[in-house]
Amino acid sequence: MAQQYDIVYPPQGRVTFEGGLNNKFPRTVIQDNESPDTLNIVYTNGAAETRGGTSKLNTTSIGSFAGDGLYTRHDNTGTETMVVFAGTYMWQLTGSTTFTTVPSATSVFTAGVRVATTEYENKMFIGNGFITPRKYDGTYFTRHGVPAPTATATVVTGAAGAVPIGDWVYVYTYVNSASVEGNVSPVAATFTVAASSVVSLTAIGVAPQSHGVSSRRVYRATTTAGPFKLVGTIADNTTTTFTDTTGTATTNAPTDNGEPPNYSTIVSFQNRLFCNDAANPNYVWYSESLEPYTFGALNFLPIGDASFDLVRGLAVYNNGILVQCENALYLIYMASTTPTDWSVIKLLSQYGSKSPFGSFLYDNKCMVPAMQNSKFAGFAAVMNQAVTSERSALTTSIASSDRTSDKIEPDVLLIQQAYASRISSFVFKNKAYVAVPYGVSATDNSRAYVFDFSRSSISGQEFSWEPVTGITPSQFTAYGGNLYYLDAAATGFVNQMETTSYSDNGTAINSYLWTKEFSGLPGHENLQKDFRKVKLLVDLIGAYYMSLTYRTDSDSGSGTTVQVSLDPGSALWGTLTWGAGLWGAGKAQQEITVYLGQATGKRIQFQFSNQNSAGQRFKVHGLNFTYNIKGKR
């Protein structure tokens, strides 16, 4: 066969690298822009670069506590409060670097039990499945619901007045600062009024501070069965007496203002709160409309079953609530805001989920950590295809793990299913950060993956996966426009991500990317080649080097490594492409040519690395390489 020289691949442009990790399929057959082995990389418009660093937010540890929850509370003034749950405490960020315990939230929680929250009406609603649910408005930490009083008032006679002749019984209620009241107290003993009188009550119960009660209301009726009518309000939570001077009363007492159950997952949607129930694990409860504090006795939907298919997670998805049971997924589809118009639909899916903190929304889909036959199966995307006018005709489908995490299946199989409930996800700047318990010895989140769905038109791919090591995130949150994570290890620190330090609190980030194994132009796959040179378009970002390594024919060894200067004021001697590159200081980018020496074979593979050095990074926009054909071998 005649010799063929100076063949360039690709023949036009460059190979870009935004395809992310694909370690399921052989490195010879994956897409040109994918990587069979990569770590701590982010992708920007086709370029691959070292991820940003991390740094401690709090200068002093809150203690040797593993993280059980990290959230940001918002109010309608734009004020944010970062909140941490760790140990048995709830902490809030005071100033810029210091956490202090939230008053009344000391020794409330259980170390190691994750805490769920949602926001509504400037309040954060909080539960972990064991504690009585709470709410937090930035100042007060009190009961989520309004409990019914347990003390019975005592009724005594008074002077002549307006209370009509007859037999009377009295009850009272607690009222919170939002003017919402709970159910009534036990009924006081019947009191007979022989002549129009003033009736006095004593021993009226005072609610504990944790109940969040700001006033109480007093009602009376002619029988213990009611109906009870409002006769007055005690405008505090300290007074234990009340005098009834009311003649005719008309306003009824509440009869179904129950408290929420103990919940471990909760969301806000359509001016209601939806939560699970630790005592009845196949119930999804919902609050009254426009009123998040009370839950009627029948405000629940049975979903799954109470033994095998328990409700583990909830997510707002399109016009309903996605209910994640351990072995199946359900949608509470809401044709209107009226519960009688709601339908519970079991999705056409082979998956369930037991990761209440792991789901996230992207591109009109909802990603969930998926369980199949009690085994962790990867990440699956729920996509609602169509909704017709008839609720019963709702059609849904779920993409299998082949459409989401199939490319990283070897990594997925190392996620510990026994701790899948710890998986936590957060979307920030069109990327999802997913923390997972990775490795055979993992009992908590030990690494993260970045699911990048902000795909450019360069590749046309829908998403990419990239593993992130060197961090152990319990949970993520956005605060002040930055991304943070709470350490799952017992360090007591919150860390800011994506800093420009390019180190993890001073520790080097091991950042590298292996390309696929290239065989050249179509038809050249089985031809022996002399690989002559490679051209890289790189950012010149520091007075240090990145490593370029190359190897041929599926070699698993260390390969041949060349140092590439990233100094914006210099270039490697002999590597500048005259007429293409720029000479002189202050360059932002440069196309660098590296000659490959005795690189001979049918296929070639490249690696870029920051040399695992603290404070160093690289950014490669693409490459092309040149080879000569030697002939068939």
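Here the structure is a predicted model, which means the values were calculated and not measured.
- Between the side chain of N610 and the main chain of Q616, a donor-acceptor pair closer than 3.5 Å is present.
- With salt bridges taken as basic N to acidic carboxylate O contacts below 4.0 Å, none links E466 and K431.
- Checked by atom type, the side-chain pair D539/H621 shows a donor-acceptor distance below 3.5 Å.
- Of the candidates I41, V620, N33, V620 is the only one forming a side-chain contact (heavy atoms from CB on, under 4.5 Å) with F17.
- Applying side-chain contact (heavy atoms from CB on, under 4.5 Å) to Y438 and the options N445, L414, T472 leaves one that passes, L414.
- Here the closest non-hydrogen pair linking R27 and S554 is NH2-O, 2.8 Å.
- Judged as a ring-ring contact (aromatic ring centres under 6.0 Å, His included), and not counting sequence neighbours, F618 has no contacts.
- Pairing each heavy atom of Q496 with each of N482, the nearest pair is NE2-CG, 3.5 Å.
- Judged by distance alone, with hydrogens and angles left aside, the side-chain atoms of S355 form no donor-acceptor pair with the main-chain N or O of F357 at under 3.5 Å.
- Side-chain atoms of N373 never come within 3.5 Å of backbone atoms of K375 as a donor-acceptor pair (strictly under, hydrogens ignored).
- For residues 484-510, the set of pairs meeting the salt bridge (charged side-chain N to carboxylate O under 4.0 Å, His left out) definition, not counting sequence neighbours, comprises R51-D504.
- In terms of heavy atoms, Y43 sits closest to E18 at CD2-CA, 3.5 Å.
- In this pair, W465 and F463 present their aromatic rings perpendicular. The plane angle is above 60°, beyond the 30 to 60° band.
- By the ring-ring contact (aromatic ring centres under 6.0 Å, His included) test, F376 pairs with F379, sequence neighbours left out.
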query: Hey, mind stepping through N58 and T97 against side-chain hydrogen bond (donor to acceptor under 3.5 Å, both in side chains) and telling me if it holds?
result: CA-CA 4 Å; N58 46 317; T97 61; over 6 Å; no
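- No hydrogens or angles considered: a donor-acceptor pair under 3.5 Å links the side chains of E49 and T44.
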message: Evaluate E326 against K354 for salt bridge (Lys or Arg N to Asp or Glu O under 4.0 Å), listing each step before the verdict.
response: CA-CA 5 Å; E326 288 193 11; K354 63 175 185 178; 5.9 Å; no
- request: List the steps and the verdict of salt bridge (Lys or Arg N to Asp or Glu O under 4.0 Å) for R422 and D444.
  value: CA-CA 7 Å; R422 310 293 287 182; D444 211 326; 3.0 Å; yes
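- Of the possible polar contacts, one joining the S425 side chain to the G358 backbone as a donor-acceptor pair under 3.5 Å is found.
- Partners of Y485 by ring-ring contact (aromatic ring centres under 6.0 Å, His included), not counting sequence neighbours: none found.
- Summarising the geometry of A614 relative to A508, their closest heavy-atom pair is N-CB, 3.4 Å, with the distance given to 0.1 Å.
- Partners of D363 according to the side chain to side chain donor-acceptor pair (under 3.5 Å) rule, which considers only residues two or more places apart in sequence or in another chain, do not exist here.
- Remark: Y89 pairs with F65, W91 by the ring-ring contact (aromatic ring centres under 6.0 Å, His included) rule, at least two apart or across chains.
- The closest side-chain heavy-atom distance from Q563 to Y544 is not below 4.5 Å.
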message: I'd like to know whether R114 forms a side chain to side chain contact (heavy atoms under 4.5 Å, CB included) with S424, so could you lay out the CA-CA distance, the side-chain angles of the two residues, the decisive distance to 0.1 Å, and finally the verdict.
response: CA-CA 10 Å; R114 291 292 295 274; S424 182; 3.7 Å; yes
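- Between H524 and Y627, the ring planes lie perpendicular to each other; the angle is over 60°, past the 30° to 60° tilted range.
- Of the possible donor and acceptor atoms, none in the side chain of Q416 sits under 3.5 Å from a partner among the backbone N and O of A442.
- Closest heavy-atom contact between A315 and Q324: CB-NE2, 3.8 Å.
- Using cut-offs of 30° and 60° for the angle between ring planes, the F625 and Y9 rings count as tilted.
- Formation of a donor-acceptor pair under 3.5 Å by the K630 side chain with backbone atoms of Q528 is not found in this model.
- N40 and T469 share a side-chain donor-acceptor pair at under 3.5 Å.
- With N628 contributing its side chain and R532 its backbone, the two residues share no donor-acceptor pair below 3.5 Å.
- If you check the side chains of T477 and T72, you find a donor sitting under 3.5 Å from an acceptor.
- Side-chain contact, R73 with Y71: no donor N or O sits under 3.5 Å from an acceptor N or O.
- Checking side-chain atoms of Q605 against main-chain N and O of T515 turns up a donor-acceptor pair under 3.5 Å.
- Between the side chains of S55 and N505, no donor-acceptor pair of N or O atoms lies under 3.5 Å.
- The aromatic rings of F518 and F606 are tilted relative to each other, their planes meeting at an angle between 30° and 60°.
- Between the side chain of T499 and the main chain of G53, a donor-acceptor pair closer than 3.5 Å is present.
- The closest side-chain donor-acceptor pair between S609 and Q607, if any, does not fall under 3.5 angstrom.
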